[in-house]
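Reminder, nothing fancy here: chain letters follow the sequence lines and each chain counts from 1. Atom set for the values below is all heavy atoms of this structure, side chains included, hydrogens, waters and symmetry mates excluded.
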Amino acid sequence: MARTLIKDLRQHIGQEVKIQGWIRTIRDQKRVQFLIVRDHTGLGQATAERSESLAAMNETISALTRESAVTVIGKVVENPVVKTGGVEVLVRQLVVEGAADGQLPLDVSGAQESNPEVRLNWRFLDLRRPENLLIFQVQTAVEHAMREYWLREGFLEIHSPKLMGSASESGAELFELKYFDRPAYLAQSPQFYKQMAMAAGFDRVFEIGPAFRADPSFTPRHATEFTSVDMEMSWIESHEDVMAFEEQWLQYTLSRVKEQLGPQIRSAFGADVIVPQVPFPRMPMPDVLRILTRKGHTPERKGDLDPAGERLLGEYVAQELGHEFVFVTDYPADVRAFYHMRNADTPAVTKGFDLLWKGVEVTTGAQREHRYEILVAQAREKGLSLEPIQFYLDFFKYGCPPHGGFGFGLSRMLMVLLNQPNIREVTYIYRGPTRLYP
RNA sequence: GGGGGCGUAGUGUAGCCUGGUUCAACACGCCUGCCUGUCACGCAGGAGAUCGCGGGUUCAAAUCCCGUCGCUCCCGCCA
């Protein structure tokens, strides 16, 4: 007998069906027993009358525990009184496929939310809550829409190695591991390898994959392993081409998410998916600093934004410009990576940008420096030793086109999109400085 | 890495400031019984924690002090 999904019960009124899911609630009464069954499509009521012929099954139901996995077979009847969809399944047969221990470590029904720690320890139970399922449905829709857009624009999907012989970027710290008889490192970013695809003539590439950072960062928006969304495109005229691409790509992605899951997101998280207007506002760093100063905020580090500054700027852009996004441009060279291209006329200023969404940094991007001599000079200026990155520098010795791209935090996007306070909420299995399990 | 907060039955909290008739209360869950259809079902009864761990102060510590582990937030850093 084929399984019927709970959302489809209404289409089977009068028929016998098989539904499979987890017991959310048991209301065991004298004459009749009610079970609320949950599958990945919704909640449905299974009703068992107490009778002589069903006595054994009635016993089984009396002994059932919440969150047990069951198969229920019975006839679907319409009953407007029933709050789960106005239909119920009159149980003829019930099989306990996997019994649950009576003492659950957290409340799957959502009536009382457990501590973050308990929820992460019992992540598989936490994920049974329908809102959590929705998060990953949204993630799937997001990635799918991104890929649709890229493919339409002629991009190739690449998978760069996560094991590396040297650092891919200065700054962020590396996880070191044993690689036979020598050290290796986990990739902090696919940066060098996506640029390699430009040198290889792939024209445009993207990658959605893991990145690792050994920073002991204790914030709601950092993880030691996260999914990085990266793209790189050739033959650009400036970083403006990259920003123009990104805003349209995001507009498309959000419009797809809204049409597919907008109402669900609204009811589960109270968040409206707003499809942003393009172009997004662009603000050069000096203007940003002027605005923040006017609001009485002085950033810690000269010429760069701190988290409080990002939040303030987000508020300003929302109020004054009516937009959730803002590109910050014209970052000074001393706070950007050596491979960011600098302005020809004002070399202290880079062709790099960040994208802030509701005050959270979701992207860093730039036009890259593709001219070997200049790139080497910039690396030297940053005090980098050239030997470990020579393989990268070589990309630019044999005819590399002008190019640029960005890195985008998938979980950060979901966090902002779904109004979640913490990246752990939107990460399937979170990895942090002190979290390696489950 | 620096700073703040937290850690009490299966779960969520109260008690801690003003140590001792509270060796711990309430709610949810769990167990037992009752209940003509419930829908956060209801009613009655019951079990369950030596108060993260270690040490100290004291006649006496969940309650004060120190250490430690874990969580969390802010800063730094970034996706």
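With B:C78, B:G37, B:C73 as the choices, the nucleotide that has an atom nearest any side-chain atom of A:Q45 turns out to be B:G37. In this structure, the nucleotide among B:G10, B:A79, B:G12 sitting nearest to the side chain of A:P105 is B:G10. Of the candidate nucleotides B:A79, B:G1, B:C39, B:A79 has the atom lying nearest to any side-chain atom of A:H222. Of the candidate nucleotides B:C78, B:G37, B:U72, B:G37 has the atom lying nearest to any side-chain atom of A:V32.
A:T427 and A:R123 form no side-chain donor-acceptor contact under 3.5 Å, judged by distance and modelled atom types alone. Donor-acceptor pairing under 3.5 Å is lacking for the side chains of A:D39 and A:Q20. When only modelled atom types and interatomic distance are considered, A:T253 and A:Q251 share no side-chain donor-acceptor pair under 3.5 Å. When only modelled atom types and interatomic distance are considered, A:R435 and A:N121 share a side-chain donor-acceptor pair under 3.5 Å. A donor-acceptor contact closer than 3.5 angstrom is absent between the side chains of A:Y339 and A:Q378.
Counting any heavy atom pair closer than 4.0 Å across all strands shown, A:V82 reaches a base atom. Heavy atoms of A:P216 sit under 4.0 angstrom from at least one base atom. Among the atoms of the strands shown, none is found under 4.0 Å from any heavy atom of A:T84. Among the heavy atoms of the strands lying under 4.0 Å from A:P307 is at least one base atom, whether or not backbone atoms are also near. Across all strands, A:E117 comes closer than 4.0 Å only to sugar-phosphate atoms, never to a base (heavy-atom distances). Nucleic acid contact for A:T227: none, since no nucleic acid atom lies under 4.0 Å from a heavy atom of the residue. If you check every strand for non-hydrogen atoms under 4.0 Å, A:A223 touches a base. Using a 4.0 Å heavy-atom distance criterion, A:D101 is classed as making no nucleic acid contact. Counting any heavy atom pair closer than 4.0 Å across all strands shown, A:D354 reaches no nucleic acid atom.
In this structure, A:F245 has its ring center closer than 6.0 angstrom to the ring center of A:F155. Aromatic rings of A:F206 and A:W249 (six-membered ring for Trp) have centroids beyond the 6.0 Å cut-off, not under it.
The gap from the P atom of B:G15 to that of B:G7 amounts to 10 Å, rounded to the nearest Å. For the C1' atoms, the distance linking B:A40 with B:G2 amounts to 46 Å, nearest Å. Comparing the same atom, C1', in B:U8 and in B:G70 gives a spacing of 16 Å after rounding to whole Å. Rounded to whole Å, the separation between the P atoms of B:A47 and B:G10 comes to 16 Å. Rounded to whole Å, the separation between the P atoms of B:U18 and B:U11 comes to 31 Å. The same atom, C1', is picked in B:A44 and in B:C6; the two are 38 Å apart, to the nearest Å. The same atom, C1', is picked in B:G4 and in B:A79; the two are 26 Å apart, to the nearest Å. With P as the reference atom, B:G48 and B:C31 are 16 Å apart, rounded to whole Å.
Nearest-nucleotide positions on RNA chain B for A:R311 and A:R424 put A:R424 closer to the 5' end. With RNA chain B read from its 5' end, the first of the two nearest nucleotides for A:G102 and A:E88 is the one closest to A:G102.
Within the structure, every side-chain polar atom (N or O) of A:N115 is placed at least 4.0 Å from both OP1 and OP2 of B:G7. OP1 or OP2 of B:A79 has at least one side-chain nitrogen or oxygen of A:T364 nearer than 4.0 Å. Side-chain nitrogen and oxygen atoms of A:K30 include at least one within less than 4.0 Å of the OP1 or OP2 phosphate oxygen of B:C35. Dashed line: the shortest gap from a side-chain N or O of A:T434 to OP1 or OP2 of B:C71 is under 4.0 Å. Remark: A:Q29 is in phosphate contact with B:G37, judged by side-chain N or O atoms under 4.0 Å from OP1 or OP2.
Ion pairing of A:E369 with A:K351 is absent here, as no side-chain N (NZ or NE/NH1/NH2) approaches a carboxylate O to less than 4.0 Å. Between A:R213 and A:E225 there is no salt bridge, since none of the side-chain N atoms of the basic residue sits less than 4.0 Å from a carboxylate O of the acidic one. Taking a cutoff of 4.0 Å between a charged side-chain nitrogen and a carboxylate oxygen, A:R282 and A:E247 qualify as a salt bridge. Taking the charged nitrogens against the carboxylate oxygens, A:E88 and A:K75 have no contact shorter than 4.0 Å, which rules out a salt bridge. For the pair A:E153 and A:R204, the salt-bridge criterion is met [side-chain N within less than 4.0 Å of a carboxylate O]. Salt-bridge annotation for A:K194 and A:E207: absent, with no side-chain N of the basic residue lying under 4.0 Å from a carboxylate O of the acidic one. One finds no salt bridge joining A:R412 and A:E361 here, because no Lys/Arg side-chain nitrogen approaches an Asp/Glu carboxylate oxygen to under 4.0 Å.
For the pair A:R50 (side chain) and A:K30 (backbone), a donor-acceptor distance under 3.5 Å is present.
The CZ atom of A:R24 sits 9 Å away from the P atom of B:A40 (whole-angstrom rounding). Distance A:D306 CG to B:C78 C1': 13 Å, rounded to the nearest Å. What separates CD of A:E425 from P of B:U72 is a distance of 10 Å, to the nearest Å. Summarising the geometry, the separation between CG on A:L43 and C1' on B:U38 is reported as 15 Å, rounded to the nearest angstrom. Rounded to an integer number of Å, the gap from CD1 of A:I26 to P of B:G42 is 14 Å. Summarising the geometry, the separation between CD on A:E310 and P on B:C75 is reported as 10 Å, rounded to the nearest angstrom. Rounded to whole Å, atom C1' of B:A79 lies 18 Å from atom CD of A:Q420. Look at CG on A:L35: it is 16 Å from P on B:G37, rounded to the nearest Å.
If you run side-chain contact (heavy atoms from CB on, under 4.5 Å) between A:V426 and each of A:L414, A:V416, A:V138, only A:L414 comes through.
Aromatic stacking of A:F34 on B:G37: not satisfied for centres closer than 5.5 Å together with planes under 30 degrees.
Side-chain atoms of A:S217 and base atoms of B:C78 include no donor and acceptor less than 3.5 Å apart.
Less than 4.0 Å separates RNA chain B from no heavy atom of any residue of residues 275-283 of chain A. Of all the residues in residues 47-69 of chain A, A:E49, A:R66 reach under 4.0 Å from RNA chain B with at least one non-hydrogen atom.
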A correct dot-bracket answer for RNA chain B, with pairs being Watson-Crick or G-U at under 3.5 Å, [ ] for crossing pairs and | for inter-strand pairs, is ((((((((.[[[[.)....(....]]]].(((((.......))))).....[[[[[..)....]]]]])))))))....
